[in-house]
Amino acid sequence: EAQVTQNPRYLITVTGKKLTVTCSQNMNHEYMSWYRQDPGLGLRQIYYSMNVEVTDKGDVPEGYKVSRKEKRNFPLILESPSPNQTSLYFCASSLGTRSEKLFFGSGTQLSVL
Amino acid sequence: GESVGLHLPTLSVQEGDNSIINCAYSNSASDYFIWYKQESGKGPQFIIDIRSNMDKRQGQRVTVLLNKTVKHLSLQIAATQPGDSAVYFCAEIKAAGNKLTFGGGTRVLVKP
């Protein structure tokens with residue numbers, strides 16, 4: 001089944017404790033992206049990648065890192081999480097190098113205490 | 001979870017009626033528009049897209065209309081069903097770019 005898989009689904013952590021949210025797609029997609037979704041603010045892009053070893057900042061990249069060592073994986077790294085990073089996170093991918101027809105994962109609900 | 005959005009505009013529609021969801025986009029240079037559906041506890045799901053050289057595109061039970069003069073996009077759902085209850089987002093991509101910008105979303109509630 002074609003899908004974007006994020007893990008974990010839920011995560012509670014404390015301020016400053018490094019964490020990684022994994023994202024993997026099995027559709028051989030070129031483009032991958034991370035979004036955060038907050039009430040009243042909608043979906044905002046954190047980082048995106050148009051190909052392996054190519055990543056770029058989205059609208060809200062501060063406090064986040066990403067890597068794209070393999071085509072299928074695009075982990076989101078929070079080196080020192082803070083409470084304002086409490087949010088619902090989505091990974092997405094698309095076939096081409098544009099963010100058209102995105103396939104989204106099921107989301108990761110992160111709480112930073 | 002219920003983080004999709006508080007204070008979203010809400011459209012209540014009777015089961016079987018047609019729904020129309022509206023979206024005003026911001027950039028006249030946008031050349032590609034998409035509608036996504038997000039059900040509670042799930043990620044957004046692609047519904048239909050349209051390019052700026054078109055005014056209308058139809059899918060299965062859905063139609064997207066694009067009015068470039070007033071920068072307005074709408075999604076029409078025919079014979080709305082309970083499974084259509086969700087939050088609907090429009091999104092746009094600027095021409096020659098790759099920045100996807102989402103609208104704020106509209107919640108659709110289908111009454112039996």
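Order of the sequence lines sets the chain letters (A, B, ...), proteins ahead of strands, with each chain counted from 1. Values reported hereafter were calculated over all heavy atoms of this structure, with side chains retained and with hydrogens, waters and symmetry mates removed.
- E100(A) and R51(B) are joined by a salt bridge, as a carboxylate oxygen and a charged side-chain nitrogen come within less than 4.0 angstrom of each other.
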Can you list, pair by pair, the side-chain donor-acceptor contacts under 3.5 Å of residues 8-17 of chain B, counting residues two or more places apart and other chains?
residue : atom : partner : partner atom : Å
T10(B)  : OG1  : L8(B)   : O            : 3.2
Q14(B)  : NE2  : P112(B) : O            : 2.9

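- Contact of Q6(A) with chain B is not made at all, since no heavy-atom distance falls under 4.5 Å.
- In terms of non-hydrogen atom pairs under 4.5 Å with chain B, the most contact-rich of K101(A), R44(A), Q45(A) is K101(A).
- Using a 4.0 Å cut-off between charged side-chain N and carboxylate O, D49(B) and R57(B) make a salt bridge.
- Put simply, of Y32(B), F46(B), Y36(B), the one with the most heavy-atom pairs under 4.5 Å next to chain A is Y32(B).
- Interface remark: Y35(A) contributes side-chain atoms only to the contact with chain B (heavy atom separation under 4.5 Å).
- One finds a salt bridge joining K65(A) and E79(A) here, because a Lys/Arg side-chain nitrogen approaches an Asp/Glu carboxylate oxygen to under 4.0 Å.
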